[in-house]
Amino acid sequence: MAPKVLVTRLLPPKTQARLLEQNFELIQWKENSSIPRDVLLEKIQGVDALFCLLTEKIDNELLDRAGPQLKVVATMSVGYDHINVDAVKSRNIKLGYTPDVLTDSTADLTVLLALGASRRIKECIQAAENGLWGKWGPTWLCGTQFTNKTLGVVGLGRIGEAVAKRLQAFGISRVIYSGRTKKSEQVEARLNAKYVPFDTLLTESDVIVVCCALTKETENLFDYKAFSKMKRTVVFVNSARGGIVLQDDLVRALEENLIGAVGLDVTTPEPLPPTHKLYSFPNCLILPHVGSATMETRENMANMTLENILAGLKEEKLPYSIY
Ligand code: NAP
C-alpha cells in the first residue's frame with residue numbers, strides 16, 4: 001500500500017510539480033490560508049509523513065491523533081518553536097527542517113529593515129505618496145547612518161553572522177554579540193566580533209538585531225527593562241520571532257521615546273491586526289514575516305522538506321535533521 005503523506009499547503013511551482021510525481025497517497029491543503037486546526041487534526045489520522053509549515057502547531061494532541069505509524073515530520077522552516085521537539089523525539093518520529101538555505105534571504109531582509117528604520121523609510125514613502133514632499137530642507141527626514149557604529153547581534157547563528165557581515169559593508173566598525181555560547185575564535189575572527197553580556201549589548205549598541213531562536217529562555221527577552229537600557233537613538237530590528245519581544249513593552253518604549261527606530265518582520269500575533277498600536281508609530285517599520293520570501297529560497301526550502309519526507313518514508317536518516 002502506498003504511504004500517506006499530508007502536506008499542509010500548496011508548494012512553490014517546481015516543488016509542487018515534483019510532489020505530484022511521487023508514489024504516495026497525497027493529502028494536501030490547497031487553500032490560500034493555513035490549514036485550520038480541526039481540519040489538520042482530522043486529516044493527520046493515519047498518515048505516514050507530515051509536511052508542515054511554521055503555522056501548524058505540532059504537539060502531543062496532534063501526534064496522538066496521527067497514530068503510531070507516523071514516521072516523519074518535516075517543517076518548511078528553519079525555526080521550530082511551533083514544534084514540541086521532545087514529544088516528537090520520544091515517539092521515535094524523525095524531524096526535519098530547512099537550515100542554511102534561507103540564511104541569505106533572511107539576512108538581506110534584516111539589513112533592509114535596519115536601513116529602512118534608520119533612514120525613516122516609512123515616513124519618506126508616506127511623504128512622497130501623500131503630497132507632503134515640500135522643498136528640500138537640511139534636516140527634513142534625516143535619519144542616522146551606520147558609519148563607525150556598534151552593532152549588537154542577539155544570537156550569532158547562521159543568520160546573525162550573515163547580517164553582521166552585510167552591515168559591516170555599510171560602515172559598522174564594531175560587532176558585539178550575546179547568546180547562549182561564546183563562538184569559536186574562527187567565527188569571532190571572521191567578524192572581529194566580541195562576546196558580551198546581554199546588558200552590555202543593550203547599553204553599547206547603536207543597532208541591535210535579534211537573530212536568535214525563540215525558546216523558553218528567549219521568550220519576552222526584550223521587555224521594558226531591556227528597552228530602557230538601550231541608547232535613545234538605537235535602531236532595533238527583530239527578524240527572528242515575535243515572541244522574543246514583549247510587544248506591549250515595545251509599544252510603551254516607543255510611546256516614551258526610549259528607542260530611535262524599530263524594524264519588525266515578526267510580531268505577536270501574526271498577522272498583526274491593522275488596527276494595532278504598533279502601526280501608529282512613524283518610526284516603527286513592520287513587514288508581514290517575509291524574511292525568506294524569495295522564490296529561489298522558497299523553492300529550496302520546499303524541496304529540502306520533500307527530501308526529508310522521502311528519506312523518512314524510507315526509514316533513512318533525514319538529510320536535514322533537527323536531531
Ligand atoms: P541558528 O543558526 O540556529 O541560530 C540561532 C541562534 O539563536 C544561535 O546563535 C543560538 O545561540 C541563539 N540562541 C538560542 N538560544 C538562545 C538564548 N537562550 N539566548 C540567546 N541566543 C540564543 O538559526 P538561524 O538559521 O540563524 O535562524 C535563527 C532564527 O531566525 C530561527 O530560529 C527563526 O526563528 C528565525 N527566522 C526567521 C525568518 C523570517 O522569515 N523572519 C526566517 C528564517 C529564520 P547558540 O549558538 O549559542 O546556541
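Just so you know, ligand 1 is whichever comes first in the structure, and atom 1 is the first atom listed for that ligand. Predicted, not measured: the structure shown is a model, and the values here were computed from it.
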*Asks:* Tell me the contacting part of Arg180 for ligand 1: side chain, backbone, both, or neither, using a 4.0 Å heavy-atom threshold, strictly below.
*Replies:*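 The answer is both.
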
*Asks:* Please list the nearest protein heavy atom to atom 44 (C) of ligand 1 with its residue and the distance rounded to 0.1 Å.
*Replies:*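 Among all protein heavy atoms, the one nearest atom 44 (C) of ligand 1 is Val78 CG1, 3.2 Å.
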
*Asks:* Quick check on the 6.0 Å ring-centre criterion: do Tyr320 and Tyr97 meet it?
*Replies:* no

*Asks:* Report yes or no: does a heavy atom of Ser239 sit under 4.0 Å from some atom of ligand 1?
*Replies:*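 Within the 4.0 Å threshold, so yes.
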
*Asks:* Just by modelled atom types, is the Arg9 backbone N or O under 3.5 Å from a matching donor or acceptor in the Gln28 side chain?
*Replies:*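 Confirmed, Gln28 side chain pairs with Arg9 backbone.
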
*Asks:* Which of these, Arg174, Lys229, Lys231, sits in a salt bridge (charged side-chain N to carboxylate O under 4.0 Å, His left out) with Glu204?
*Replies:* Arg174

*Asks:* At the 4.0 Å heavy-atom cut-off, does Asp265 count as touching ligand 1?
*Replies:*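 Asp265 counts as a contact of ligand 1 under the 4.0 Å cut-off.
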
*Asks:* Hey, are Lys57 and Asp81 close enough for a salt bridge, meaning a charged N less than 4.0 Å from a carboxylate O?
*Replies:* no

*Asks:* Looking at Ser292, which atoms of ligand 1 are within less than 4.0 Å of one of its heavy atoms?
*Replies:*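 This gives 40 (O) as the contact atoms.
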
*Asks:* Where on Ile159 is there a heavy atom closer than 4.0 Å to ligand 1, on the side chain, on the backbone, on both, or on neither?
*Replies:*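 The answer is both.
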
*Asks:* Would you say Leu214 touches ligand 1, if touching means a heavy atom closer than 4.0 Å?
*Replies:*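 No, Leu214 has no heavy atoms under 4.0 Å from ligand 1.
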
*Asks:* Which option out of His82, Met301, Arg158 puts a heavy atom nearest to atom 23 (O) of ligand 1?
*Replies:* Arg158

*Asks:* To which protein heavy atom is atom 19 (N) of ligand 1 closest, and what is the distance rounded to 0.1 Å?
*Replies:*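 Protein heavy atom with the smallest distance to atom 19 (N) of ligand 1: Thr218 CG2, 3.4 Å.
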
*Asks:* Under 4.0 Å between a Lys/Arg side-chain N and an Asp/Glu carboxylate O for Glu219 and Arg241?
*Replies:* no

*Asks:* Measuring from Met76:CE to Arg298:CZ, what's the distance to the nearest 0.5 Å?
*Replies:* 6.0 Å

*Asks:* Any heavy atom of Lys183 closer to ligand 1 than 4.0 angstrom?
*Replies:* yes

*Asks:* Counting only heavy atoms from other residues, nucleotides and ligands, does the tally under 6.0 Å from CZ of Arg158 exceed 12?
*Replies:* yes

*Asks:* One residue to check: Leu109. Relative to ligand 1, which of side chain, backbone, both or neither has a non-hydrogen atom less than 4.0 Å away?
*Replies:* neither

*Asks:* To the nearest 0.1 Å, how far is atom 4 (O) of ligand 1 from its closest protein heavy atom, and which atom is that?
*Replies:*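 For this ligand atom, the closest protein heavy atom is Gly157 CA, 3.4 Å.
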
*Asks:* For atom 36 (N) of ligand 1, what's the nearest protein heavy-atom neighbour? Residue, atom name and distance, please.
*Replies:* Arg241 NH1, 3.8 Å

*Asks:* Find all atoms of ligand 1 within a distance of less than 4.0 Å from any non-hydrogen atom belonging to Glu217, and give their numbers and elements.
*Replies:* 18 (N)

*Asks:* With a 4.0 Å cut-off on N to O distance, would you call Lys71 and Asp48 a salt bridge?
*Replies:* yes

*Asks:* Looking at atom 20 (C) of ligand 1, what's its closest protein heavy atom, distance included?
*Replies:* Gly179 CA, 3.4 Å

*Asks:* Check each heavy atom of Cys211 against ligand 1 and say whether those closer than 4.0 Å belong to the side chain, the backbone, both or neither.
*Replies:*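 For Cys211, only backbone atoms sit under 4.0 Å from ligand 1.
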
*Asks:* Select the closest option to atom 38 (C) of ligand 1 among Thr215, Val266, Thr106, judged by heavy-atom distance.
*Replies:* Thr106

*Asks:* Could you identify the single nearest non-hydrogen protein atom to atom 22 (C) of ligand 1 and state the distance to 0.1 Å?
*Replies:* Cys212 CB, 3.7 Å

*Asks:* Answer yes when Arg18 and Glu307 have at least one side-chain N-carboxylate O distance shorter than 4.0 Å, and no when they do not.
*Replies:* yes

*Asks:* Hey, does Leu102 sit under 4.0 Å from ligand 1 if you only count heavy atoms?
*Replies:*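 Within the 4.0 Å threshold, so yes.
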
*Asks:* Could you name the option among Leu221, Thr181, Thr297 that has the heavy atom nearest to atom 47 (O) of ligand 1?
*Replies:*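 Considering heavy atoms of Leu221, Thr181, Thr297, the nearest to atom 47 (O) of ligand 1 sits in Thr181.
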
*Asks:* Does the pair Glu56/Arg37 count as a salt bridge with the N-to-O cut at 4.0 Å?
*Replies:* no

*Asks:* Aromatic rings Phe227 and Phe236: how do their planes relate, parallel, tilted or perpendicular, breaks at 30° and 60°?
*Replies:* perpendicular

*Asks:* May I ask you to decide whether Glu255 forms a salt bridge with Arg252, counting only side-chain N to carboxylate O separations under 4.0 Å?
*Replies:*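 No, this pair does not count.
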
*Asks:* Could you check, using the six-membered ring where one of them is a Trp, whether Tyr80 and Tyr323 have ring centers closer than 6.0 angstrom?
*Replies:*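 Centroid separation for Tyr80 and Tyr323: 6.0 Å or greater.
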
*Asks:* Could you tell me whether some N/O pair between His289 and ligand 1 is separated by less than 3.5 angstrom?
*Replies:*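 Between His289 and ligand 1 (N or O atoms, distance only) the closest approach is under 3.5 Å.
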
*Asks:* Does any N or O of ligand 1 fall below 3.5 Å from an N or O anywhere on Asp81, backbone included?
*Replies:*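 So ligand 1 has no N or O lying under 3.5 Å from an N or O of Asp81.
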
*Asks:* Where is the nearest protein heavy atom to atom 32 (O) of ligand 1: which residue, which atom, and how far?
*Replies:*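 That would be Ala213 CA, 3.5 Å.
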
*Asks:* Is it the case that the side chains of Tyr177 and Glu161 hold a donor-acceptor pair, with the cut-off being a distance below 3.5 Å and no angle test?
*Replies:*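 Distance-only check fails for Glu161 and Tyr177.
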
